[in-house]
Each structure stands twice: as structure tokens, then as C-alpha cells.
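A quick write-up on the structure given underneath.
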Amino acid sequence: MKMPNNAFKAALKAKKKQVGLWVSTASPMIAELVAGAGYDWLCVDMEHSPGDVMTTMHQLQAIAPHTNAIVRPPWNDTVMVKRLLDIGAPGLLFPMVQTVQEAEAAMAATRYPPQGVRGVAGSMRGSQWGRIKDYADRVSDETVVILQIETEAALDRARDIAAVDGVDGVFFGPADISADMGMLGQPLHADVWARIMPVAQSLMDQGVPVGTLVTDPAMAIDLFNKGFSFIAVSTDTLLLTRAADALAAQVRSGIEE
């Protein structure tokens, strides 16, 4: 058995637009449900969800037959990265990367020595229990590594962060950027995006794929048309909440007293 090609990573390199969805419920069943909807990629979130390594593995198993997955670990933590790669995470989105040094630490955590510091396991799911014979040689080439920019200071350093060897893309986190700008809870505010867009454009001019999460479909389309490569257009929790609320309200509004 040979290491499979990472279709999401290949799409980013080819500058193909990739429509994604955030998965925050820690539920394999919901992950499987949304995976069949036709999204190009799903992000299994561990930073702001109750998920652990086991639930994340089950979600990856549910998603794999349908589409591509990446995982956002809780933090830029070498031990957690090792465990996620060992369970077969095809890619990682590192939260709150602030400096070149933190970017380099993230990259090192995904690489075996001598290029990095990832610990070496024997039989684990990532290598299909040792059946993928070229796993050690090719896993670095087939693992997506995306760094998340979430503060104004990180925006100012984004070009240097993106230039770290091996980075596949930069992801802007407007929720935290808006909070850092004193506009907590306003991730779609025009001032927030006026701060993000020049940086995003600079990275795109460098050939760096850029992405984000926005829950306004019209805005997502606009950002794609402006050159963004990968955008998560909602979350599983938000879709379920809105649909449940709308249905309850619709039925109640039609009931005669």
C-alpha cells in the first residue's frame, strides 16, 4: 500500500477554489451527514469544541469516504500534533500563530527528524498500521499545514509567517481579529475586513493560498472572487441551530389561538 495523495493540498497548489464547512459538534454522525453535502473540505475543530482525540478520529473516519478533512488542534502543541498525525489527520490548521518562531514550531511538530521533532510511532492509524510502506518518506509532502492569523500583530507579521518553509496556506480568523480591534462579536464588520484585505492581497500576490471562515454566503462568494482559495462558509452547529429555530418559529406562527 502506498501513501495516498492529499486532494485538498493538491487543490490549494493548483489555485482551485475550495468551499468548506466547520465541524464543531464532536459527532461522527453529524460529520458524516455534512460530509455528503458536496463541500470540498471540512475542518474538524478541537479548539472550540468538546472533541478529544478519539472523537476526532471517529469524525475523520466518517468524513473520509466523502470529502477532505483537516483538523484544528486546541493549540500549537507538539504532543497534540503528534497524536493527531498518528490517528491519520490529513492536515492541520494551527490556531493563533503570532510569530515566525511559532510558525516554525508548528512545522517542526509535523515533521520527523532531522527536519522536525515529531515522535516516531510503530503501528498506528496514520500509516494504516504499517501497511503504507512509504509513509515515513511521503507523509510530510501529503500533510496540509495551514497557519491561522488572529491578531493585529500577527497580521503585521503575516508575510514572514507565510514564508516559513512548508506552509501550505494562511487562514484569517476574523472573530479574534475583530476582538483584538475592540469590536468583539463583529467578525464581518467592514473595518475588520479593511484591516485583513491588504494583508490577504499581499499574501495572494506572493502566491500563498489564503482562507477564512465567514457565515455570510454573499461575502464568501465575494472573497472567492477576490482571490481567496479556501473558505468555510458556515458551521454544523450554526446550520442546525438556524434550521431548528426557523422551523419552530414557522410552525408556531401559523397556529391559531
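Here D52 pairs with T55 under the side-chain hydrogen bond (donor to acceptor under 3.5 Å, both in side chains) rule; sequence neighbours left out. Listed by chain and residue number, nothing satisfies the salt bridge (charged side-chain N to carboxylate O under 4.0 Å, His left out) test with K16 (two or more places apart in sequence, or in another chain). For A103, the side-chain contact (heavy atoms from CB on, under 4.5 Å) partners two or more places apart in sequence, or in a different chain, are V97, L147, I161, V164. Remark: F94 engages no residue in a ring-ring contact (aromatic ring centres under 6.0 Å, His included) (not counting sequence neighbours). Remark: R138 pairs with D134, E142 by the salt bridge (charged side-chain N to carboxylate O under 4.0 Å, His left out) rule, at least two apart or across chains.
In this structure, W129 stands alone, with no Ile, Leu, Val, Met, Phe, Trp or Tyr side-chain heavy atom under 4.5 Å from its own, directly or through other members.
Residues D180 and E150 have side chains not in contact (no heavy-atom distance under 4.5 Å, counting atoms from C-beta outward). Contact annotation: the side chain of I70 approaches that of F8 to within less than 4.5 Å [non-hydrogen atoms, C-beta and beyond]. Contact check for P74 versus M80: side-chain heavy atoms found under the 4.5 Å cut-off. Here the side chains of I231 and V19 are not in contact, with every heavy-atom distance at 4.5 Å or above. Under the 4.5 Å side-chain criterion, counting only non-hydrogen atoms from C-beta, I146 is not in contact with L92. Within the 4.5 Å cutoff, the side chain of M1 has no heavy atoms near those of the Y135 side chain. When side chains are defined from C-beta on, V233 counts as touching Y39, because their heavy atoms get closer than 4.5 Å. Within the 4.5 Å cutoff, the side chain of F228 has no heavy atoms near those of the V214 side chain.
For residues 61-73, every residue pair satisfying the side-chain hydrogen bond (donor to acceptor under 3.5 Å, both in side chains) rule, not counting sequence neighbours, is listed here: D45-R72, E47-R72, R72-Q148. Applying the salt bridge (charged side-chain N to carboxylate O under 4.0 Å, His left out) test to pairs two or more places apart or on separate chains, those with a residue in residues 5-15 are K9-D168. The side-chain hydrogen bond (donor to acceptor under 3.5 Å, both in side chains) pairs that include a residue from residues 74-83 number zero, where partners must be two or more places apart or lie in different chains. The side-chain hydrogen bond (donor to acceptor under 3.5 Å, both in side chains) contacts involving residues 213-222 comprise D222-K226, where partners must be two or more places apart or lie in separate chains.
Within a 6.0 Å radius of CG in L184, other residues, nucleotides and ligands contribute 12 heavy atoms or fewer.
Atom CG of L33 sits about 9.5 Å away from atom OG1 of T25, to the nearest 0.5 Å. Rounding to the nearest 0.5 Å places OG of S178 at 11.0 Å from CG of D191.
Shown here for A31 and A62, the closest heavy-atom pair between the two residues is CB-CB, 4.5 Å. Summarising the geometry of S24 relative to P50, their closest heavy-atom pair is O-CD, 4.0 Å, with the distance given to 0.1 Å. Closest of all the heavy-atom pairs between D86 and A121 is OD2-CB, 3.8 Å. Contact record, Q186 with V192: O-CG2, 3.7 Å, taken as the closest heavy-atom pair. Scanning both residues, A158 and L203, for their nearest heavy atoms gives O-CD2, 3.8 Å. Nearest heavy atom pair, residue L188 against residue M219, reads CD2-SD, 3.6 Å.
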Exercise. Please step through side chain to side chain contact (heavy atoms under 4.5 Å, CB included) for the pair I87 and T56, ending with a clear verdict.
Key: CA-CA 9 Å; I87 65 167; T56 297; 4.2 Å; yes

Quiz item: Would Q18 and S229 count as a side-chain hydrogen bond (donor to acceptor under 3.5 Å, both in side chains) if you check the C-alpha gap in whole Å, the side-chain angles of each, and the deciding distance to 0.1 Å?
Solution: CA-CA 6 Å; Q18 299 291 289; S229 296; over 6 Å; no

Practice problem: Test M183 against I177 for side chain to side chain contact (heavy atoms under 4.5 Å, CB included), laying out the working first. | Solution: CA-CA 8 Å; M183 291 182 283; I177 291 171; over 6 Å; no

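Using a 4.0 Å cut-off between charged nitrogen and carboxylate oxygen, K2 and D137 do not count as a salt-bridge pair.
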When the side chains of residues 105-117 are checked against the rest of the protein, which donor-acceptor pairs come out under 3.5 Å, sequence neighbours left out?
unit_1: T110; atom_1: OG1; unit_2: M107; atom_2: O; d: 2.8
unit_1: Y112; atom_1: OH; unit_2: R118; atom_2: NH2; d: 3.4

Only distances under 3.5 Å count here; give the side-chain donor-acceptor pairs of residues 239-248 to other protein atoms, sequence neighbours excluded, each with its distance to 0.1 Å.
unit_1: T241; atom_1: OG1; unit_2: T237; atom_2: O; d: 2.8

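When the options T212, V199, I196, V170 are evaluated for a side chain to side chain contact (heavy atoms under 4.5 Å, CB included) with I149, the one that passes is V170.
Distance alone, capped at 3.5 Å, places no donor-acceptor pair between the E32 side chain and the P28 backbone.
Below 30°, between 30° and 60°, or above 60°: for F171 and W41 the angle between ring planes is above 60°, a perpendicular geometry.
In the hydrophobic clustering of this structure, L60 groups with V145; members are Ile, Leu, Val, Met, Phe, Trp, Tyr whose side-chain heavy atoms approach within less than 4.5 Å, directly or through other members.
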